[in-house]
Structure formats: structure tokens, C-alpha cells
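All ligand and atom numbering here is 1-based and tracks the order in the structure.
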Amino acid sequence: MAELIDLRSDTVTRPSEEMRRAMATADVGDDVFGEDPTVRRLEEEMAAAVGTEAALLVPSGVMGNQVALHLHGRPGTEVVCEARSHVVDWEMGAMAALSGLSPRPVAAADGLLDPEAVAAVIQPWGGFRPPSSLLVIENTHNMAGGRVYPRPRIDALLEVARRRDLPVHLDGARLFNAAVALGLPAAQLAAGFDSVMVSLSKGLGAPMGSLVCGPADFVAGARRVRKMFGGGLHQSGVIAAAGLVALRGGLEHLAIDHANARRLAEGLAELPGLAVDLDAVETNIVLADLVTTAEGGAPVFVEGLRREGVLAVPVDARRLRFVTHRDVSAGDVDTALGRIAGAFRERSR
Ligand SMILES: *Cc1c(COP(=O)(O)O)cnc(C)c1O
């Protein structure tokens, strides 16, 4: 069969030749002793890109978020976040297991938190309800289909949090996608947050790694918690070298990924079996809903897609997620659309 077109996630990219060369020749040392020059360079460059004083490399985005939650939160308190956010749905209950925190989910149809709804659930210390210790904002919002927060909405949320003395963490696994979509520097979207997590392994296309960014004293705390969570790495310059290539060279590619997502979404919207909200496609994620689940829902349809040579993720019984990334071209998108139409023909046989 022709090669599979993998649209499950932007994490499926393989390191480029340039990344592999950089990894092979990286100058390294033991980062637990703070002696890896390539890691230090990456941390400095990412802090500059995000506009924070300091940054710390961690193995994964989940660890980056959880290190931040652990530092901001206290056992028995709540983390206010959108109902479908990554910290709720995809981190294996880590906030409870590792830090004694419980989520206070606030639903938003488009994934973007409403400042008034957030204000309504923040609890003070000294009452009879669990106090809030943190607000998490996810930008772009993964399960809402890569939605982007307009900066004024962020300002309104930060203002609500500031009035109630609540720190705010930015889950920016795809912050650079948001920045490219808005035509703003990432630092402008990260300004005002108490901590920021950004990933190298999503749209930027590096094989692994995320960074926790913030003030120097926060990042010093993050270094301690990273070690506690088992994320102290040694010659991690090998990873950081690929991350530097991704950070320095990856951004212009995101605009192509976004154009490819739009192309995919428009093609999917033309298929009678799928419903797509085209206005919701702002970055590199496309959500599509099966018009009927009568012939088996999304998990069954995804198996049919695989037989046609396209990989996607079933989000629930009806919904499919497709993600464009550095390893798919506009031509691949067209080929995928043909194969997806083929999967519908097979299905109706
Ligand atoms: C993928 C993702 C993470 C976690 O990153 P991993 O590197 O897979 O652990 C966190 N937040 C969001 C919004 C993500 O999409």
C-alpha cells in the first residue's frame, strides 16, 4: 500500500536531517550539574522567545505543566481550567496524584474561557469551599480544535485572576501556532502569565522536549520539582540540539501547516458524511464530526481510514481529529482527502 498519511498529531514528525546532524555533534555535559552548554543555550533562547527571565527543559509537556501546577498549587486546592483542557483530560490525573490538586472545570463551547464564568468559580481562602490556587489557560486549545485566544480575552482573564490574587499558568504546548495565527510574537501572548509551558515536540517538530518558562526564582523551583518528578536528565544537550534547530527554523513552517489544515478542512466539509465548522479552524488542528454514527462511530471509521492509508484520532463517538505538521505537504492533504472519500465509499457499500 502507498505510504500512510499520519494526521493523528503534530507529534509524529521525524527529526529532520539538520536536527539529526545537530544531535550527533552537540556539545554536551551533565545537565543535573547544570553543565550542558547546549541545554543552557536552548533555555536562554526559549526564555527570550517567550519573554521570560528563565526557562527549564523538561522531557514532556505533561511534566512541564505538572511542575508548574505543583509549584503554584497547594494540596486541597483547586485549579480553575477549561473543561476539555489538557491538564484535565490527558494528564492521567497527575494534578491529583502528584500535587493533591483538583480541577475546577469551566466549560466553554469554543474552548476559550469566559472571564465572567471564571470569576464565578474562584474561591477565596477561609471559606467553606476548596480555595482556588491557580488558573490555567490553554493556547492554542487542543480539544477545541486548535482555537486561539485573542489577546484582549487573555487580558480580561488575567485581570480577573489578578483581582483575586490567583496565579495564572499558560499551557502553551502550541503557543507558537497561536502566535503565527495572530501574526504576533509569542512573547506578546505570554506576557502577564506567572508561568508558561511551551513544547518543542508539537508544531515545531523536534523529537522531544518542552520548557517551563517564568521568573528566575520560579524556574529555580521548577528545577527542584523536575528532579523530584524524575525529569532530571544528564547529557540532554542531545535533545536540546534538535530543539534549537526546531526553535530557530521551525516557525515559518507553522504558517504552511495552518494553510494545509484549512485546505484539509475545506475538503472535508465537502464530504457529505462529515460536518466541519470551518470558522473554528484557526491553526493546525481540524475537528470533523460524522453526520451519522449508525454504521459505527468514530473509532470504527478510523479503522476504515487506516485501511485507506490515512491516520486520524477518534475524539469521541462522533468526532475525528486531524492535525497537520511538518511532515505533510499540500499534496499529501489532497491525497488524504481522496482516501477519506474512499473510506466513505467503502463504508456505504
Ligand atoms: C500535547 C499537549 C501537552 C503535553 O505534551 P506532551 O509532550 O505530549 O506531554 C500539554 N498541553 C497541550 C495543550 C498539549 O496539546
Among all the protein's non-hydrogen atoms, which is closest to atom 9 (O) of ligand 1, and how far away is it? Val62 N, 2.9 Å
How close does the nearest protein non-hydrogen atom get to atom 10 (C) of ligand 1, and which residue and atom is it? His86 ND1, 3.3 Å
Work out which heavy atom in Leu134 is nearest to a heavy atom in Leu166; give both atom names and the distance. N-CD1, 3.4 Å
Proximal atoms of ligand 1 relative to Asn142 (non-hydrogen, under 4.0 Å): 15 (O)
Take atom CE of Met228 as the centre, draw a 6.0 Å sphere, and report whether it contains more than 12 heavy atoms from other residues, nucleotides or ligands. yes
Would you say that Leu320 contacts Leu274 through its side chain, given a criterion of any heavy-atom pair below 4.5 Å between the two side chains? yes
Mark yes or no for whether Ser60, through its side chain, and Met63, through its backbone, hold a donor-acceptor pair below 3.5 Å. yes
One residue to check: Ala173. Relative to ligand 1, which of side chain, backbone, both or neither has a non-hydrogen atom less than 4.0 Å away? side chain
Determine whether the aromatic ring centres of residues His141 and Tyr149 are separated by less than 6.0 angstrom. no
Heavy-atom distances under 4.0 Å are what count here, so tell me which part of Asn65 touches ligand 1: side chain, backbone, both or neither. side chain
For residues Arg347 and Leu290, determine if any side-chain heavy atom of one lies less than 4.5 Å from a side-chain heavy atom of the other. yes
Looking at ligand 1, does Arg174 have a heavy atom less than 4.0 Å from it? yes
Once you restrict to heavy atoms under 4.0 Å, what part of Met197 touches ligand 1? Side chain, backbone, both or neither. side chain
State if Glu91 counts as touching ligand 1 under the rule of any non-hydrogen atom under 4.0 Å. yes
Nearest-neighbour protein heavy atom for atom 11 (N) of ligand 1, which is reported as residue plus atom name and distance: Asp171 OD2, 2.8 Å
pair Thr140-Arg147: side-chain heavy atoms closer than 4.5 Å: no
For atom 14 (C) of ligand 1, the protein heavy atom that lies nearest, with its residue and separation: Lys202 NZ, 2.9 Å
Of the protein's non-hydrogen atoms, which lies at the shortest distance from atom 5 (O) of ligand 1, and what is that distance? Gly61 CA, 3.3 Å
Would you say that more than 12 heavy atoms from the other residues, nucleotides or ligands in this model lie under 6.0 Å from the CZ of Arg153, or not? yes
